[in-house]
2 protein chains.
Amino acid sequence: MAHSSKIFCCFSFLFSTLSIIPLSHQLEQHPLDSLTPNEFIRVQAIVNQSHPTTTNDITFQYIGLNEPDKQALISWLQNHRTTPITAPPPRQAFVIARINHQTHELVVDLLYDNIVSDHIHHGFGYPLLTFEEQNGASQLVFNHAPFLAALNKRGLKVAEVICETFAIGWFGETKQNGRVVKVMCYYLDGTVNLYMRPIEAITVTVDLEAMKITHFRDRLVVPVPKAAGTDYRESEQKEPFGPELKGITVVQPDGPSFIIDGSRVRWANWDFHLSFDARVGPIVSLASIYDTEKQEFRRVMYRGFVSELFVPYMDLTEEWYYRTFFDAGEYGYGLCAVPLEPLRDCPANAVYMGAYVAAQNGMPIEMPNVFCIFERNAGDVMWRHTETMIPPDLITEVRPDMSLVVRMVSTVGNYDYINDWEFKQIGSIKVTVGLTGLLEVRGSKYTHKDQIDEEVYGTLLAENTLGAYHDHFITYHLDLDVDGCE
Amino acid sequence: MAHSSKIFCCFSFLFSTLSIIPLSHQLEQHPLDSLTPNEFIRVQAIVNQSHPTTTNDITFQYIGLNEPDKQALISWLQNHRTTPITAPPPRQAFVIARINHQTHELVVDLLYDNIVSDHIHHGFGYPLLTFEEQNGASQLVFNHAPFLAALNKRGLKVAEVICETFAIGWFGETKQNGRVVKVMCYYLDGTVNLYMRPIEAITVTVDLEAMKITHFRDRLVVPVPKAAGTDYRESEQKEPFGPELKGITVVQPDGPSFIIDGSRVRWANWDFHLSFDARVGPIVSLASIYDTEKQEFRRVMYRGFVSELFVPYMDLTEEWYYRTFFDAGEYGYGLCAVPLEPLRDCPANAVYMGAYVAAQNGMPIEMPNVFCIFERNAGDVMWRHTETMIPPDLITEVRPDMSLVVRMVSTVGNYDYINDWEFKQIGSIKVTVGLTGLLEVRGSKYTHKDQIDEEVYGTLLAENTLGAYHDHFITYHLDLDVDGCE
């Protein structure tokens with residue numbers, strides 16, 4: 001599931017951000033580096049200049065690096081080693097903007113400060129949802145009399161209601177009905193675990209362009225599952241709350257063995273480039289491993305990232321059938337990244353990095369602690385052998401395993417995706433996405449499974465609480481270049 | 001692959017052992033505890049007394065606990081809580097001994113010091129091989145003139161030859177040919193990596209009962225792969241040997257969070273019994289997890305262990321076709337356990353435990369550092385959620401993952417099996433067997449893959465070195481009792 005009005009937190013980041021943009025601080029830029037805050041501002045200015053905001057309605061749905069041509073980049077990297085004055089491939093931004101209710105795909109050149117191309121998209125599909133428009137849509141219900149009446153009918157307090165926006169999927173219609181979302185609400189009132197308290201059977205449809213409710217239906221009253229026992233905060237748990245373990249920590253008295261040089265990370269026999277994108281989150285590029293015999297780096301992967309997270313639900317009821325979320329393409333796997341909690345999301349030896357995304361107005365928003373990088377010492381063995389056959393002694397050779405982990409956590413509504421890129425000295429890259437957070441549940445009249453005599457598309461987990469059947473399909477873009485392209 | 005003359009190390013353990021057997025030290029014994037050194041000695045004495053060694057030829061192929069009846073044990077455990085004076089199930093040893101060239105299966109009672117049953121096995125299959133008989137068999141070749149001639153023909157020095165014994169499998173013969181092994185030799189001469197230097201095309205068949213070579217064939221001369229580049233010892237590597245990483249360690253200033261009470265281990269919400277067996281290695285019993293709501297332990301698994309490791313090779317040549325090893329049933333997954341190397345096989349916070357097995361004469365042999373137990377802090381997250389929807393702040397709850405690992409390493413010839421039982425606070429038990437060590441290779445006339453015009457049942461890995469196709473099938477005995485037997 002996915003959605004969010006994370007604008008609550010993003011706005012507070014926004015203000016702190018603008019003051020710390022290091023305009024004068026320019027390390028040598030790598031052609032694959034994410035856009036800098038300064039570049040975001042320039043992109044915004046260039047697009048606004050070409051379509052003046054006094055006469056145009058502009059929203060920035062996506063701003064990111066326009067990835068340079070692979071062959072051009074590789075040639076440049078090879079020449080750059082011997083001739084550092086060679087010009088890099090063009091530095092460009094790719095922009096998806098809604099301009100007067102049309103989707104523009106723009107390429108902006110950051111050397112010449114001009115628009116290279118401006119294409120209006122007429123095909124299927126819509127750009128990423130911004131936090132601002134999601135927040136706008138989910139607030140509309142609070143001024144919509146039928147919705148307030150529906151709450152009243154259920155005996156619910158308006159102040160305890162939280163609403164979210166849901167992408168509506170696509171079911172083979174030849175005609176698209178414009179940018180539309182549905183709004184679904186939850187009830188707090190004694191818990192912060194809103195996902196366990198859905199207010200079911202109300203359908204609210206919002207046209208994002210008009211920012212208006214175009215359809216409303218209150219189909220039936222279903223009990224809201226109770227708050228008791230749903231709060232997950234440690235402070236709210238009764239004693240005993242699980243076992244108390246004694247302290248355990250990782251210590252590196254001489255510091256970490258990795259070097260972060262701008263976006264380039266070097267560790268053990270590995271060298272790679274790490275960048276961040278609002279849509280796909282972490283991008284690992286040019287991952288190479290040092291060959292001690294050849295005394296050179298050998299490329300393993302040109303570029304890798306999570307390209308999509310597709311989360312279809314299998315519930316055919318009126319308020320659920322459309323839930324077929326693209327967590328990257330609709331909500332932004334990077335956009336939904338959350339600040340990592342030191343010592344909890346990552347161990348004591350982790351180093352943290354931030355990133356930037358564009359707000360709806362095109363201005364940069366800082367995402368602090370969006371990455372952590374740490375050496376994992378899990379107590380495993382990389383390789384070992386004990387030779388018992390050669391007298392008089394045992395020969396025991398053991399190489400402990402150590403790896404480097406790059407982590408991002410993206411919270412797309414109820415789900416927290418823990419996205420790891422792990423680099424192993426044996427030459428492999430291990431990709432992992434841990435799925436945690438909270439289940440998306442459907443409110444139900446049933447309080448015991450024996451009462452159920454129809455298809456409910458889920459499992460009764462607690463009174464009035466159905467865990468809805470669903471899948472998570474995580475796809476990766478992996479451009480492997482083991483020993484190069486040929 | 002599997003075999004060994006680990007008797008080299010075992011004999012040295014034997015002498016150190018007998019002096020430290022703590023005869024007077026008797027913790028309350030659990031009915032599932034492995035046999036104590038004192039019990040091994042009593043078993044040996046009881047069996048020898050019933051079949052006096054002056055008139056009988058006796059070898060002990062296996063001595064271990066005769067597992068008590070499950071229902072009797074569970075009843076006793078339940079009653080024992082309230083009535084600690086209840087008598088436990090009978091304490092018995094199970095013995096497989098060769099007595100005058102017949103296989104006896106004996107049950108020895110350790111309360112009454114008598115033999116409860118003595119059954120002669122006439123069916124298929126043979127007992128575990130002892131180290132002593134494997135060592136005896138593999139030494140025979142050095143007094144066998146045709147073998148010495150074969151070495152001479154190849155220009156190999158006798159002092160650099162190491163031989164091992166190989167179980168011969170079973171190919172559906174209705175008549176068994178007695179306890180027979182084949183002996184296969186390797187060449188050191190500049191390396192300790194004997195597995196990379198097989199002396200091919202010589203077949204030596206040994207009758208273990210007569211301890212005589214019954215068949216010898218030198219089929220053809222195949223080059224022994226060269227020693228250069230095969231030694232794996234760090235001390236033998238040229239600079240640069242991989243990347244140097246800075247120190248990293250795990251620190252638990254207040255000590256570990258687990259308690260080892262005899263064979264019972266308690267950690268976090270887990271409680272289990274750990275024992276050791278010559279055939280199967282680690283046995284985890286009565287694994288239970290504490291339910292904080294019910295305030296009681298709930299059983300998850302009655303008993304779990306690796307029951308067999310079957311390693312068939314797919315090479316049909318005369319010297320290879322029979323290689324279909326049962327690494328547990330023929331060589332002993334426990335018997336082949338090796339001492340764990342502190343700080344390398346297990347992290348700094350590990351605690352080590354030893355175990356005992358019986359030598360061929362029935363006397364106990366100490367296996368030091370055969371288990372390590374440690375808390376794994378791999379930097380992972382057990383559960384997390386960031387709630388972005390409830391203003392004004394983010395709610396972030398993260399529970400770092402911590403688990404308990406019980407490790408044994410068993411080196412069956414060329415392969416090192418890293419056997420982990422990992423207990424997770426979420427209630428799952430993760431079983432892992434890591435396969436490392438060295439590949440079993442076949443010597444070959446080929447030096448380049450383009451020369452190969454026949455089926456070679458493997459891949460040319462280096463000059464004269466074929467990596468043989470093979471599988472590893474690891475089977476577990478898992479008697480899960482989630483919430484009990486009913």
Side-chain angles (χ1 to χ4, degrees), chain A residues 4-6 8-9 162 164 192 194 232-234 240 242-243 245-255 257 268-269 292 338 341 344-347 374-379 381 383-392 394-398 400 402 405 409 411 416 418 425 434 436-438, chain B residues 4-6 8-9 162 164 192 194 232-234 240 242-243 245-255 257 268-269 292 338 341 344-347 374-379 381 383-392 394-398 400 402 405 409 411 416 418 425 434 436-438:
Chain A
S4 170
S5 298
K6 201 163 30 177
F8 293 123
C9 54
I162 297 279
E164 299 197 332
V192 296
L194 54 106
Y232 45 76
R233 287 174 296 178
E234 200 165 338
L245 296 179
K246 291 177 187 167
I248 181 166
T249 191
V250 182
V251 173
Q252 293 190 282
D254 304 318
S257 295
N269 41 5
T292 48
V338 294
E341 192 91 345
R344 292 184 162 261
D345 275 318
C346 311
F374 63 93
E375 290 167 271
R376 187 204 294 279
N377 177 16
V381 171
W383 178 84
R384 83 172 315 288
H385 182 59
T386 297
E387 187 49 65
T388 60
M389 294 291 296
I390 305 172
L394 292 182
I395 295 168
T396 301
E397 286 279 316
V398 187
M402 219 66 74
V405 177
V409 171
T411 301
D416 297 54
I418 301 168
Q425 291 176 77
T436 178
L438 299 153
Chain B
S4 171
S5 298
K6 201 162 32 176
F8 293 122
C9 54
I162 296 278
E164 299 197 331
V192 297
L194 54 106
Y232 44 75
R233 288 173 297 178
E234 200 165 338
L245 297 178
K246 292 177 188 168
I248 182 166
T249 191
V250 183
V251 173
Q252 293 189 280
D254 304 317
S257 295
N269 41 6
T292 48
V338 295
E341 193 91 345
R344 293 184 161 261
D345 275 319
C346 311
F374 63 92
E375 290 168 270
R376 187 203 294 282
N377 177 15
V381 170
W383 178 83
R384 84 173 313 289
H385 181 60
T386 297
E387 187 49 65
T388 60
M389 294 291 297
I390 305 172
L394 292 182
I395 295 169
T396 300
E397 285 279 315
V398 188
M402 219 67 73
V405 177
V409 172
T411 301
D416 297 54
I418 302 168
Q425 291 175 77
T436 178
L438 299 153

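Side-chain atoms are counted along with the backbone in the values below, which use heavy atoms only and exclude waters and symmetry mates. Residue numbering restarts at 1 for every chain, and letters A, B, ... go by the order of the sequence lines.
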* Asked: Relative to chain B, which segment of Ile162(A) carries a heavy atom at a distance below 4.5 Å: side chain, backbone, both, or neither?
  -> side chain
* Structure fact -> Between Thr436(A) and Arg384(B), the two heavy atoms sitting closest are OG1-N, 3.2 Å
* **Residue Leu245(B) versus chain A: region with a heavy atom under 4.5 Å** => both
* Do you know which two heavy atoms are closest between His385(A) and Tyr232(B), and how far apart they sit? -> CD2-OH, 3.3 Å
* Trace of the side chain to side chain contact (heavy atoms under 4.5 Å, CB included) decision for Val251(B) with Ile248(A) -> CA-CA 6 Å; Val251(B) 173; Ile248(A) 181 166; over 6 Å; no
* Decide side chain to side chain contact (heavy atoms under 4.5 Å, CB included) for Thr386(B) and Asp416(A); before the verdict, give the C-alpha distance in whole Å, the side-chain angles of both, and the deciding distance to 0.1 Å. => CA-CA 7 Å; Thr386(B) 297; Asp416(A) 297 54; 4.3 Å; yes
* **Proximity breakdown for Glu375(A) and chain B, heavy-atom pairs closer than 4.5 Å** => both
* Asked: Checking Ile418(B) against chain A: side chain, backbone, both or neither under 4.5 Å from a heavy atom?
  -> side chain
* **Part of Phe374(A) within contact of chain B (heavy atom distance under 4.5 Å)** => side chain
* Please examine the side chains of Val338(B) and Thr396(A), heavy atoms only from C-beta on, and report whether any two atoms are closer than 4.5 Å. => no
* So, the side chain of Ser257(B) versus the backbone of Lys246(A): is there a donor-acceptor pair under 3.5 Å, distance only? -> yes
* Asked: With only heavy atoms counted, which part of Val405(A) is less than 4.5 Å from chain B, the side chain, the backbone, both or neither?
  -> neither
* So which heavy atom on Glu164(A) is nearest to which on Met389(B), and how close? -> OE2-CG, 2.9 Å
* What pair of heavy atoms forms the shortest contact from Gly247(B) to Pro253(A), and how long is it? -> O-CD, 4.1 Å
* To do: Pick whichever of Pro347(B), Gly255(B), Gly379(B), Cys346(B) has the most heavy-atom pairs under 4.5 Å with chain A.
  => Gly379(B)
* Structure fact -> Closest heavy-atom pair, Val192(B) versus Glu387(A), reported as atoms and distance to 0.1 Å, is O-CG, 4.3 Å
* To do: Taking the side chain as every heavy atom from C-beta outward, state whether Thr249(B) and Val250(A) have any atom pair closer than 4.5 Å.
  => no
* Are the side chain of Arg344(B) and the backbone N or O of Pro400(A) linked by a donor-acceptor pair below 3.5 Å? -> no
